[in-house]
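Written below as structure tokens is the structure these notes are about.
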There are 2 protein chains.
Amino acid sequence: MENLRSDCEATNIDIVNRVKPRMPEMNLLYELSDFFKVMGDSTRIQLLWALEESEMCVGDLAVVLDMTKSAVSHQLKVLRTAKLVKAQKKGKNVYYALDDHHVKSILEKALEHIGE
Amino acid sequence: MENLRSDCEATNIDIVNRVKPRMPEMNLLYELSDFFKVMGDSTRIQLLWALEESEMCVGDLAVVLDMTKSAVSHQLKVLRTAKLVKAQKKGKNVYYALDDHHVKSILEKALEHIGE
DNA sequence: AATATAGTTGAACAACTATTCATTTGTTGT
DNA sequence: ACAACAAATGAATAGTTGTTCAACTATATT
């Protein structure tokens, strides 16, 4: 027996009955929104944009974004956890690169939406 | 004279000099991240998904999402402000519909990223 | 006119998030 | 071994965000 949170009855029962079973699993919804949450920060967008131009180390990214290495490093970790970037150690430096070929096209679609 | 926030010098000056001028205006970056912020919430993703199936009124959306009308209304306002949905009053009800043809393709790209 | 229904709104609260600061780890060069 | 540098980390703080609750507006029904 389900415990309903909604505070009202359906107005168009036919529509509700058609749409409700087509809703995705809660699990998938969380994965989707988590993905967009990662994209929903200007620092991380800048990092992705910069890495689309070139693989870069943390210090150089800090210069490009004009932020501290610490702040950049924190955000790179978020991007790494989301599997959007990958890290590779080269001597004293850690070089980051894009790890997802969808990011570019998603950014393009978002730009289309904005530019209207 | 700029006031730099970065706490380090560039390691690869050539890369930094090539990437830095290609970075977009801060204004555009904020628009981009704001857009993704709107998508970065499971309730709003659910609303967009449901509205992709059919135009619906607030009460029906509340039933489909199993949430209160108030919570749904608050989130619909966010989506309306972001111009992702539009509202139309029909008698006692307010019917919401998608107002952006990019949403679907963006969701699809995001699903591709997740499903790997 | 009075009542019921649909939706919106604002305040409040709890949960979350990004940056800063100080510290630590690991690598290079001497 | 030691100093210098690059990056990562944890704790703290300030700012933001989503839901709840109660009050309010507007439309429909009797």
Side-chain angles (χ1 to χ4, degrees), chain A residues 3-13 15-16 29-30 33-47 55-82 85-97, chain B residues 4-12 15-16 29-30 33-47 55-82 85-97:
Chain A
N3 196 348
L4 295 182
R5 253 161 288 277
S6 176
D7 58 349
C8 62
E9 300 294 317
T11 301
N12 308 336
I13 304 105
I15 295 183
V16 171
L29 286 169
Y30 288 133
S33 56
D34 282 350
F35 169 76
F36 287 118
K37 253 180 216 132
V38 172
M39 304 283 287
D41 176 80
S42 58
T43 298
R44 291 191 290 266
I45 293 282
Q46 284 185 86
L47 288 171
E55 178 174 306
M56 292 177 95
C57 65
V58 180
D60 287 350
L61 285 167
V63 173
V64 170
L65 305 210
D66 193 23
M67 293 180 68
T68 62
K69 277 180 295 181
S70 176
V72 167
S73 181
H74 275 296
Q75 296 309 327
L76 283 170
K77 188 178 191 176
V78 176
L79 291 172
R80 212 164 11 125
T81 304
V85 305
K86 58 189 169 190
Q88 187 193 359
K89 204 156 201 171
K90 282 183 188 171
K92 225 185 330 190
N93 299 310
V94 176
Y95 282 82
Y96 281 83
Chain B
L4 295 183
R5 253 162 287 279
S6 176
D7 58 348
C8 62
E9 300 294 316
T11 303
N12 308 341
I15 294 183
V16 170
L29 285 168
Y30 287 133
S33 56
D34 282 349
F35 169 76
F36 288 118
K37 254 180 215 132
V38 171
M39 304 283 287
D41 175 79
S42 58
T43 298
R44 292 192 289 266
I45 293 280
Q46 282 185 88
L47 288 171
E55 179 175 306
M56 292 176 94
C57 65
V58 180
D60 286 350
L61 285 167
V63 173
V64 169
L65 304 210
D66 194 23
M67 292 181 68
T68 64
K69 277 180 294 182
S70 176
V72 167
S73 180
H74 274 296
Q75 297 309 327
L76 283 170
K77 188 178 192 175
V78 176
L79 291 172
R80 213 163 11 125
T81 303
V85 305
K86 58 189 169 191
Q88 189 194 358
K89 203 155 200 171
K90 283 183 189 172
K92 226 188 324 192
N93 298 309
V94 177
Y95 282 82
Y96 281 83

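Throughout, protein chains are lettered first and strands after them, A, B, ... in sequence-line order, and every chain is numbered starting at 1.
- Asn93(A) has a side-chain polar atom (N or O) that falls below the 4.0 Å cut-off from OP1 or OP2 of dA7(D).
- Going from atom CE of Met67(A) over to atom P of dA7(D) covers 15 Å, rounded to whole Å.
- Side chains of Tyr96(A) and Asp60(A): a donor-acceptor N/O pair is absent below 3.5 angstrom, by distance only.
- Between the C1' atom of dT29(D) and the NZ atom of Lys92(B) lies a distance of 7 Å, rounded to the nearest Å.
- For the pair Leu65(A) and Thr43(A), the minimum side-chain heavy-atom distance is below 4.5 Å.
- Within 4.0 Å of Cys8(A), counting heavy atoms only, lies no atom of the nucleic acid at all.
- Comparing Ala71(B) and Thr68(A) against DNA chain C, the residue whose closest nucleotide sits nearer the 5' end is Ala71(B).
- In this structure, the CZ atom of Arg44(B) is 4 Å from the P atom of dG18(D), given to the nearest Å.
- The distance between atom OH of Tyr95(B) and atom P of dT27(D), rounded to the nearest whole Å, is 16 Å.
- Put simply, the side chain of Phe36(A) reaches to within 4.5 Å of the side chain of Ile45(B), judged on heavy atoms.
- Rounded to whole angstrom, the span from the CG atom of Leu76(A) across to the C1' atom of dA8(D) amounts to 11 Å.
- Residues Gln88(B) and Val94(B) fail the side-chain proximity criterion, which asks for heavy atoms closer than 4.5 Å.
- Rounded to whole Å, the distance from CG on Asn12(B) to C1' on dC5(D) is 15 Å.
- A nucleotide of DNA chain C counts as in contact with chain B when one of its atoms lies under 4.0 Å from a heavy atom; the first and last such, 5' to 3', are dT5(C) to dG10(C).
- In this entry the distance linking CE of Met56(A) with P of dA6(D) reads 14 Å, nearest Å.
- Asn93(B) is listed as a side-chain neighbour of Thr11(A), based on a closest heavy-atom distance under 4.5 Å.
- Between Leu76(B) and Arg44(B) the shortest side-chain heavy-atom distance does not fall below 4.5 Å.
- A salt bridge links Glu55(B) with Lys90(B): the closest approach of a Lys/Arg side-chain nitrogen to an acidic carboxylate oxygen falls below 4.0 angstrom.
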Considering only nitrogen or oxygen atoms on both sides, find all protein atoms under 3.5 Å from nucleotides 10-14 of chain D and state each distance.
residue : atom : partner  : partner atom : Å
dG10(D) : O6   : His74(A) : NE2          : 2.9

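- Following rounding to the nearest Å, Lys90(A) (NZ) and dA7(D) (C1') show an atom-to-atom distance of 16 Å.
- Taking CD of Gln46(A) as the reference point, atom CG of Asp41(A) lies at 9.0 Å (rounded to 0.5 Å).
- Take Ser70(B) and apply the side chain to side chain contact (heavy atoms under 4.5 Å, CB included) test, not counting sequence neighbours, and it matches Thr68(B), His74(B).
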